[in-house]
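The structure under discussion appears below in the form of structure tokens.
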Protein chains: 2
Amino acid sequence: MSDRHSALTSPPANDRKGATSSRGATREQVDAAIRSGLLTGRFIPGKAVTIRGLATDLGVSPMPVREVLQRLAAENALEVKSNGRVQVPDMTPDRFDEVLKARLLLEPELAERSLEKLSKRDVKMLTTIDDEIDQCIISGDAEAYMRLNHAFHFHVYRASGSKVLLPLIDSLWLQFAPFMRTVYGRVGTAILVDQHKEAIRAIEQRDRDALRDAIVGDITDGMGLIGKEILETT
Amino acid sequence: MSDRHSALTSPPANDRKGATSSRGATREQVDAAIRSGLLTGRFIPGKAVTIRGLATDLGVSPMPVREVLQRLAAENALEVKSNGRVQVPDMTPDRFDEVLKARLLLEPELAERSLEKLSKRDVKMLTTIDDEIDQCIISGDAEAYMRLNHAFHFHVYRASGSKVLLPLIDSLWLQFAPFMRTVYGRVGTAILVDQHKEAIRAIEQRDRDALRDAIVGDITDGMGLIGKEILETT
DNA sequence: CGTGTCATTTTGTGATCACAAAATTCACCA
DNA sequence: TGGTGAATTTTGTGATCACAAAATGACACG
């Protein structure tokens, strides 16, 4: 067994300390790897995640993995079952509905707060990201789409400088992302509608309400309609 | 040094295995202890929290403490500095304002969703808690007040059965509780106004808007006015 | 009296180990 | 052939260790 579940980008045991080797560097690397894996849907909901498995995949000892798994469990991105087993939580209709409503509650709010902080440079960056998103939708690259969609939203939200709402939204994304990946895998990316252009226009025009509407539209279009899939497929 | 910082209820190395010894029991015990300590203000903001210190306080090995600290750091209840040191985050005006607004955004919403699930038995329980709260305000027992106030709010919120919003609110409480404790220590508990009675009445009458208003009032009264202390004392 | 330096202690981190519980495999029998 | 039991492997957990970085304190010097 040379290759494991291969949910991670598994650099072949490359232990180059050339990068930053400050305090807790290994843990941060593991954290970033697993987080990225969750956000791009490389982990399948319901599938068990083992400490030793991830450790060998990432070429580190089980120790930092244990801590990271606890962190992600605290953010409800992972679920620790009663037997200690860790897995990506299964999505239920109730949970899906709750995450959707929570997103609609928090994200337009934070986007509006970001509005005044967003510069022309940010608009340029967002436009670049959005262009790449268009290509991903056409080419059907779901993983890249998810990564870029996350980048787009959080580029906006991060501008707010929020230290409270932003982590909450982060938690929400970690919760629905793995499930959405399975949805895209089933229905494809063709059904995706790009609502980002209206958001960009709203930012350019400094229109608070229009930005809120664009975010709301993006969330409902991205999750709302295709999310109903779980009600029939299960 | 026999006694440490004594931020915990330090049972004298009582290793009673008599209780539940299921998987991860030690970690849960440590988690509950530290969480409770944060919510009742037994940890001072800005003060460093050491792994070995807590471990010896709780009579366990550093290992479960490490994991719990990571968990709480993920919830922004603790802060890991660049040198790896863990401390209770210092409150800043910006952060305080953000937490306050986030509470006003989430808690009335979840309270409203709880409304239909709350039974007469719950009203009875809430009334009992509120009576004890009154006594704490009179006697000036800030720690008991905080514990009961938390119990009151979360008894309402838990009824909603929420698995998404509830953890987010949990995170918010962990963030502001330690700071509020220092506020109460400075201005006393006499200034506290009890808004819970209106909440109870709203629940009895199944009045959604009244419940929202009561929760909003409780949050603003409890945090809003006295929170302005930090703007002058700093 | 203040200040910089050096030795000591404390602390976090990653690794490894031992153990128990759980899951898995597999042989054996009805 | 199908299921049931034990044997084996896997896995999480708590503890301990070694190491480096950081904090602390002592002490000498200006």
Side-chain angles (χ1 to χ4, degrees), chain A residues 1 3-5 7 11 13-34 43 46-74 78-88, chain B residues 1-5 7 11 13-34 43 46-74 78-89:
Chain A
M1 57 184 76
D3 209 26
R4 293 199 53 89
H5 356 73
N14 186 0
D15 262 292
R16 285 306 305 118
K17 299 282 184 56
T20 60
S21 66
S22 73
R23 215 68 187 267
T26 309
R27 181 174 52 217
E28 291 312 315
Q29 165 208 335
V30 171
D31 188 279
I34 301 180
F43 290 92
K47 187 153 189 179
V49 169
T50 67
I51 295 174
R52 287 176 172 90
L54 288 175
T56 57
D57 276 356
L58 297 167
V60 299
S61 101
M63 190 56 50
V65 177
R66 282 169 66 169
E67 295 184 335
V68 168
L69 257 46
Q70 291 297 321
R71 280 222 287 226
L72 292 167
L78 294 175
E79 181 184 7
V80 283
K81 308 202 73 179
S82 59
N83 37 343
R85 215 61 174 283
V86 176
Q87 69 172 47
V88 184
Chain B
M1 55 182 74
S2 62
D3 208 27
R4 294 199 53 88
H5 357 72
N14 187 0
D15 262 292
R16 290 300 305 115
K17 299 281 184 58
T20 61
S21 66
S22 72
R23 215 69 188 269
T26 310
R27 180 174 52 217
E28 291 312 315
Q29 165 206 337
V30 171
D31 188 278
I34 301 180
F43 290 91
K47 187 153 188 179
V49 169
T50 67
I51 296 174
R52 287 175 172 88
L54 289 176
T56 57
D57 277 355
L58 297 167
V60 299
S61 103
M63 190 56 49
V65 178
R66 282 170 67 169
E67 296 184 334
V68 169
L69 257 47
Q70 291 297 323
R71 265 212 257 192
L72 292 167
L78 293 175
E79 182 184 6
V80 283
K81 308 201 74 178
S82 59
N83 36 347
R85 218 57 176 284
V86 176
Q87 68 172 48
V88 184

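Note on naming: letters A, B, ... go to the chains in the order of the sequence lines (proteins, then strands), and numbering restarts at 1 for each one.
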Do the side-chain N or O atoms of [X] get closer than 4.0 angstrom to the phosphate oxygens (OP1, OP2) of [N]?
X	N	value
S61(B)	dG14(D)	no
R66(A)	dG12(D)	no
N83(A)	dA23(C)	yes

Nearest to the side chain of [X], which nucleotide is it out of [options]?
X	options	value
I51(A)	dA15(C), dT13(D), dT11(C)	dT13(D)
R85(B)	dA15(C), dG14(C), dA23(D)	dA23(D)
R52(A)	dG14(C), dT11(C), dA18(C)	dA18(C)

Length of the [atom1]-[atom2] vector between [X] and [N], whole Å:
X	N	atom1	atom2	answer
E67(A)	dG12(D)	CD	C1'	15 Å
L78(B)	dG12(C)	CG	P	12 Å
E28(A)	dT13(C)	CD	C1'	12 Å
L54(A)	dA15(C)	CG	P	14 Å

Would you mind telling me which residue lines up with the more 5' stretch of DNA chain C, M63(A) or G84(B), judged by nearest nucleotide?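 In this pair, the answer is G84(B).
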Among all residues two or more places apart in sequence or in another chain, which pass the side-chain contact (heavy atoms from CB on, under 4.5 Å) test with A73(A)?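 So A73(A) forms a side-chain contact (heavy atoms from CB on, under 4.5 Å) with V80(A).
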From F43(A) CZ over to L54(A) CG, what is the distance, rounded to the nearest 0.5 angstrom?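 F43(A) atom CZ to L54(A) atom CG measures 5.5 Å (nearest 0.5 Å).
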Nearest heavy atoms of A74(B) and A74(A), plus distance in Å: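 Taking every non-hydrogen atom into account, CB-CB, 4.1 Å.
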Does a side-chain N-to-carboxylate-O contact under 4.0 Å join R27(A) and E67(B)?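 No, no charged N to carboxylate O under 4.0 Å.
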